[in-house]
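Quick note: numbers below take in every heavy atom, side chains included, and nothing from hydrogens, waters or symmetry partners. In this text the structure is predicted, and so the values were computed from the model without any measurement.
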Amino acid sequence: MSAAIQSLDEKHLIRANDLALPIMVNSCTGKMGQAVIEAGISAGLHIVPASFGIQQDAGKTIQVGGKDIQVHGPSDRETTLSSLVEEYPNLIIVDFTVPNAVNDNAELYCKTGVPFVMGTTGGDRDLLYKTVEDSKVYAVISPQMGKQVVAFLAAMEIMAKQFPGAFSGYRLEVLESHQSTKLDTSGTAKAVISCFQKLGVSFDLDQVQLIRDPKQQIEMVGVPEEHLNGHAFHMYHLTSPDGTVSFEFQHNVCGRSIYAEGAIDAALFLAKKIQSKADKKIYDMIDVLREGSMR
C-alpha cells in the first residue's frame, strides 16, 4: 500500500517544472499579504486563488494585482488546504498573518505536509520549531524577511560569536517603531538584542521602548507621515559605564516591498531545497542569504 502512495515530497518533485511555482499567501486581506502577492506576480510565480483569513472575511473575493483570491475562514481551512495540495502538489505557503495564529497555522501546514515560509512574528517559537521538526516538513522561518536587514543581522551574529563580551558593562537602549496595528515587539529587535546580550550587555526585552503613537512617530522618531501605516524603525544606543563612549546602530524601513521580495526569495529557495531532497528541513533567511539566493 505504501508503495502505491506517493509522498508529498515526491509529488512536489514530479510537478516542480510543470508550471510556475504555486504559492498561497495568508492573509490576502492584509497589506503585507498583498505586497507578497504583488511581488510573487512580478517574479512570475503562480498565485493560488485562495487565502486563509478571519471568519468575518470568509467568502469574500479580494482582487490583488489583477488576481481574484477567495478568502477562507478558520472552519474550512483543513479541507481547503487538502484540496489545494491535490491540485498543486508543489504548493508553498507564505504566512504573514497575526502572532496568535502562528502555531495553529504551522500545525495545519505540517499536518497537511505543505512547505511554508513563516514571516509572521510572535507565537510560541519553541513550539513552532518542534512542530516543524516532528513533521519533517520543509520551512523557512524568520522574524525578518528584508534582504539587507538579514545581512545586518548576520553581521551581528558573527560579531557576537567572535567577540563575546566586547560590550560588557555597556548600557543598552532600544527604541522600535512600527505601524499601530503591529501588536508585538519586533522580532528583528529581539534578534539584535540577543546578539548584544552575547556581547556582554545586560538587557531585558520588557525594556524595549515600543512607539505606536503616530504623533510620537513623526515628532520623536522621524517617520515620514506617508509611511505611518507601513514602516519599521529600529534604534539601538550603547553607552559605556562611565558615559564617555557611545555606539549607535540603526535600520529604518519605509513600506513593505523589502519584506515581500525577501519572502518570495525564501519561497524560491525552499522550492530548490525540496527538489534537491536536502537533508536539512528548517531554514532561516540567513541560509537564503548565504546561498546567494537573493534576487
Enquirer: Pairing donors with acceptors under 3.5 angstrom, does anything connect the side chains of T61 and D68?
Expert: no

Enquirer: Assigning hydrophobic clusters by single linkage (Ile, Leu, Val, Met, Phe, Trp, Tyr; side-chain heavy-atom cutoff under 4.5 Å), is V149 placed with M159?
Expert: no

Enquirer: Report the relative orientation of the aromatic rings in F247 and F167; use parallel for angles under 30°, tilted for 30 to 60°, perpendicular for over 60°.
Expert: perpendicular

Enquirer: M285 versus L289: any side-chain heavy-atom pair under 4.5 Å?
Expert: no

Enquirer: Mind running side-chain hydrogen bond (donor to acceptor under 3.5 Å, both in side chains) on K281 and S135 for me, showing each step along the way?
Expert: CA-CA 10 Å; K281 301 286 186 177; S135 71; over 6 Å; no

Enquirer: Do Q275 and N90 come close enough that some side-chain heavy atom pair is under 4.5 Å?
Expert: no

Enquirer: So S82 and E86, do their side chains get closer than 4.5 Å, heavy atoms only?
Expert: no

Enquirer: Passes side chain to side chain contact (heavy atoms under 4.5 Å, CB included), N105 versus Y109? Steps please.
Expert: CA-CA 6 Å; N105 285 355; Y109 306 154; 3.7 Å; yes

Enquirer: Can L153 be reached from I141 by stepping across I, L, V, M, F, W or Y side chains whose heavy atoms are under 4.5 Å apart?
Expert: no

Enquirer: Donor-acceptor pair, S51 side chain versus C28 backbone, under 3.5 Å?
Expert: yes

Enquirer: Say you draw a straight line from CG of L108 to OG1 of T131; how long is it, rounded to the nearest 0.5 Å?
Expert: 11.5 Å

Enquirer: What residues form a side-chain contact (heavy atoms from CB on, under 4.5 Å) with P74, not counting sequence neighbours?
Expert: Q55

Enquirer: Ring-plane angle category for F152 and H251, please: parallel below 30°, perpendicular beyond 60°, tilted otherwise.
Expert: tilted

Enquirer: With a 3.5 Å cut-off and sequence neighbours excluded, list the donor-acceptor pairs that the side chains of residues 185-193 form with protein atoms.
Expert:
unit_1 : atom_1 : unit_2 : atom_2 : d
S186   : OG     : T188   : N      : 3.2
S186   : OG     : A189   : N      : 3.1
S186   : OG     : H234   : NE2    : 2.8
T188   : OG1    : Q144   : NE2    : 2.7

Enquirer: Of V117, V94, I258, which meets side chain to side chain contact (heavy atoms under 4.5 Å, CB included) against M145?
Expert: V117

Enquirer: Heavy atoms, side chains only, cut-off 4.5 Å: are Q207 and V174 in contact?
Expert: no

Enquirer: Answer yes or no: does atom CD of E107 have more than 12 heavy-atom neighbours from other residues, nucleotides or ligands under 6.0 Å?
Expert: no

Enquirer: Side chains of I41 and I47: does their closest heavy-atom pair fall under 4.5 Å?
Expert: yes

Enquirer: Got a salt bridge between R212 and E176, using NZ or NE/NH1/NH2 to carboxylate O under 4.0 Å?
Expert: yes

Enquirer: Does Q56 CD have over 12 foreign heavy atoms under 6.0 Å away?
Expert: yes

Enquirer: Which residue, Q250, R171, E248, E173, forms the side chain to side chain donor-acceptor pair (under 3.5 Å) with H237?
Expert: E248

Enquirer: Are any side-chain N or O atoms of D284 and backbone N or O atoms of I286, one a donor and one an acceptor, separated by less than 3.5 Å?
Expert: yes

Enquirer: If you group Ile, Leu, Val, Met, Phe, Trp and Tyr by side-chain heavy-atom gaps below 4.5 Å, do I93 and I282 land in one group?
Expert: yes

Enquirer: Kindly say whether the aromatic ring centers of F196 and F203 come within a distance under 6.0 Å.
Expert: no

Enquirer: Apply side chain to side chain contact (heavy atoms under 4.5 Å, CB included) to V140 and D287, showing your working.
Expert: CA-CA 9 Å; V140 173; D287 292 315; over 6 Å; no

Enquirer: For the CD1 atom of I69 and the CD1 atom of I37, what is their distance to the nearest 0.5 Å?
Expert: 3.5 Å

Enquirer: Show your working on side-chain hydrogen bond (donor to acceptor under 3.5 Å, both in side chains) between N26 and T97 and close with a plain yes or no.
Expert: CA-CA 6 Å; N26 299 326; T97 53; over 6 Å; no

Enquirer: Give a yes or no on whether I158 and F249 share a hydrophobic cluster (residues Ile, Leu, Val, Met, Phe, Trp, Tyr; joining criterion: side-chain heavy atoms under 4.5 Å apart).
Expert: no

Enquirer: Would you check, one step at a time, whether the test side chain to side chain contact (heavy atoms under 4.5 Å, CB included) holds for Q179 with K31?
Expert: CA-CA 11 Å; Q179 58 276 6; K31 291 181 179 179; over 6 Å; no

Enquirer: Heavy atoms only: give me the nearest I92-F116 pair and the separation to one decimal.
Expert: CG2-CA, 4.4 Å

Enquirer: So, applying side chain to side chain contact (heavy atoms under 4.5 Å, CB included) with I211, which one of M235, H178, M220 is it?
Expert: M220

Enquirer: Is there a continuous path of hydrophobic side-chain contacts, each under 4.5 Å between heavy atoms, that joins I54 to M24?
Expert: no

Enquirer: Between R125 and T120, which heavy-atom pair has the shortest distance, and what is it?
Expert: NH1-O, 3.0 Å

Enquirer: Is it true that a side-chain atom of Y170 and a backbone atom of V245 form a donor plus acceptor pair closer than 3.5 Å?
Expert: no

Enquirer: Determine whether I62 and Q34 make a side-chain contact, defined as any pair of heavy atoms from C-beta on separated by less than 4.5 Å.
Expert: yes

Enquirer: With heavy-atom distances below 4.5 Å as the criterion, would you say the side chains of N252 and H231 are in contact?
Expert: no

Enquirer: Which pair of heavy atoms, one from A20 and one from G44, lies closest together, and at what distance?
Expert: CB-O, 3.3 Å

Enquirer: Among Q216, Q217, K182, Q209, which residue satisfies the side chain to side chain donor-acceptor pair (under 3.5 Å) criterion with S177?
Expert: Q217

Enquirer: Applying salt bridge (charged side-chain N to carboxylate O under 4.0 Å, His left out) between E291 and each of K273, K272, K280, report the one that passes.
Expert: K273

Enquirer: Under a 4.0 Å N-O cut-off, is there an ion pair linking K130 with D134?
Expert: yes

Enquirer: Give the intermediate values and the outcome of side chain to side chain contact (heavy atoms under 4.5 Å, CB included) for residues V25 and F96.
Expert: CA-CA 8 Å; V25 181; F96 277 100; 5.8 Å; no

Enquirer: If every non-hydrogen atom of P224 is compared with every non-hydrogen atom of C254, which pair is closest and at what distance?
Expert: CD-SG, 3.9 Å

Enquirer: Restricting to non-hydrogen atoms, name the atom on F52 and the atom on R77 that form the minimum distance, rounded to 0.1 Å.
Expert: CZ-O, 3.4 Å

Enquirer: Using every non-hydrogen atom in the two residues, find where G73 and A58 come nearest and quote the distance to one decimal.
Expert: N-CB, 3.5 Å

Enquirer: To the nearest 0.5 angstrom, please state how far the CD1 atom of I274 sits from the CZ atom of F269.
Expert: 10.5 Å

Enquirer: Does the side chain of L91 come within less than 4.5 Å of L81's, by heavy atoms?
Expert: yes

